[in-house]
Amino acid sequence: MSQTTLHQFLQQRGSKEPGLNALLLQITVACQAIAKQVEQGALAGIIGSAGSGNVQGETQQKLDILSNDILLQECVKEASLAAMASEEMETIHPANANGEYLLLFDPLDGSSNIDVNVSIGTIFSVLRKKHQGAAHENDFLQVGREQLLAGYVVYGPQTTLVFTLGQGVHMFTFDHQTQQFVLIKENIQVQADTKEFAINMSNMRHWAAPVKRYVDECLLGVEGARQKDFNMRWIASMVADVHRILCRGGVFMYPWDKRDPTKPGKLRLMYEANPMSWLIEQAGGASINGTQSILDIPPEKLHQRVSVILGSKNEVSRIQNYHQNG
Ligand code: AHM
Ligand code: MG
């Protein structure tokens, strides 16, 4: 069977902007290095807390910091890149003043899974720098619809890359024998209906009424309004949960809740929600904060949080309806 490598795919069906293809390849170089550390685990001394906190006030794991450093180190080599921003850094990190792209990433998503050998990932999003000269933090504050490239690498039983350049969503698995990412699925489509939902149920008592109504109806199964049984999954790694939805449909929710009413949600807009929302929309699914499409939310700051509901289109539209009409 002849196989298409990522390099071949980008030559044939990549972006018309060579710098963007080159940047994607460079991101995958970094992710391969992260994958090696993940596979080694305790043998590489990467398990456990780093004893420090990030700008969100969350404890950093050793692998959070290491993954961030690897991405900075590898991606700065790409001349087309102007600057980077990350979940793990308070401010932006300059790359090449003449570069035309801005890269955002969550270097290691699902950090609570690292020490227990469950799937984790890297999420990335690329925007255009719209002026000459050095990039500023404000240049990053663009709506999700302006993304040029978005994707993730999931470090699970396989290391798999999923990305969109705005023309469909494509999936590549890393082949250890050839040291290449190889195409496994092209133009992925998320089924419009589903019988599977993902939410951290331990927060149920804190949810808003529309979310509670939706989940209650799922739990009632054939005996309730939905008249069908639902299944539930929660991996505590958005990358792994979104990956499952791209593979077999479903709905993922990390909504606003009453634990801290001033926080719009747990997840971050710029480097978690936006890239995942664009992938899901490109695959025919939908993504909202409750009432509006996440991709239309104007960002006010780099580390802004947002409520996230995404996945199979008909379910997301039902949840939107519950938010709008009670
Ligand atoms: P992280 O970027 O610090 O790993 O946090 C984001 C993760 C998501 O991947 C996941 O959906 C969520 O946090 C899980 O949170 P919880 O432990 O509250 O269920
Ligand atoms: Mg994350």
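Counting starts at 1 for both ligands and their atoms, in listed order.
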For [X] and [Y], does a side-chain donor sit closer than 3.5 Å to a side-chain acceptor?
X: E88; Y: S86; answer: no
X: S49; Y: Q61; answer: no
X: N289; Y: S307; answer: no

Before accepting this row, confirm whether a basic side-chain N of the pair E315/K195 lies closer than 4.0 Å to the acidic partner's carboxylate O.
no
Is D216 salt-bridged to R213, cutoff N-O under 4.0 Å?
no
What about L25 and V126, same hydrophobic cluster or not, with Ile/Leu/Val/Met/Phe/Trp/Tyr joined at side-chain heavy-atom distances under 4.5 Å?
yes
Tell me the residues surrounding ligand 1, counting only those with a heavy atom closer than 4.0 angstrom, sorted by chain and number.
E58, E87, D106, D109, G110, S111, N200, W234, A236, S237, M238, F252, Y254, K266, L267, R268, E272
Measuring from E281:CD to M276:CE, what's the distance to the nearest 0.5 Å?
14.5 Å
Sequence neighbours excluded, the answer for ring pair (Phe, Tyr, Trp, His ring centres under 6.0 Å) partners of H170 is F9, F163
Could you go through residues 177-184 and list every donor-acceptor pair under 3.5 Å that involves a side-chain atom there, pairing it with any protein atom two or more places apart or in another chain?
from	atom 1	to	atom 2	distance (Å)
T178	OG1	D175	OD2	3.3
Q179	NE2	H176	O	3.0

Using a distance threshold of 2.8 Å, what protein N/O/S atoms lie below it relative to the Mg ion (ligand 2)?
D106 OD2, D109 OD1, E272 OE2
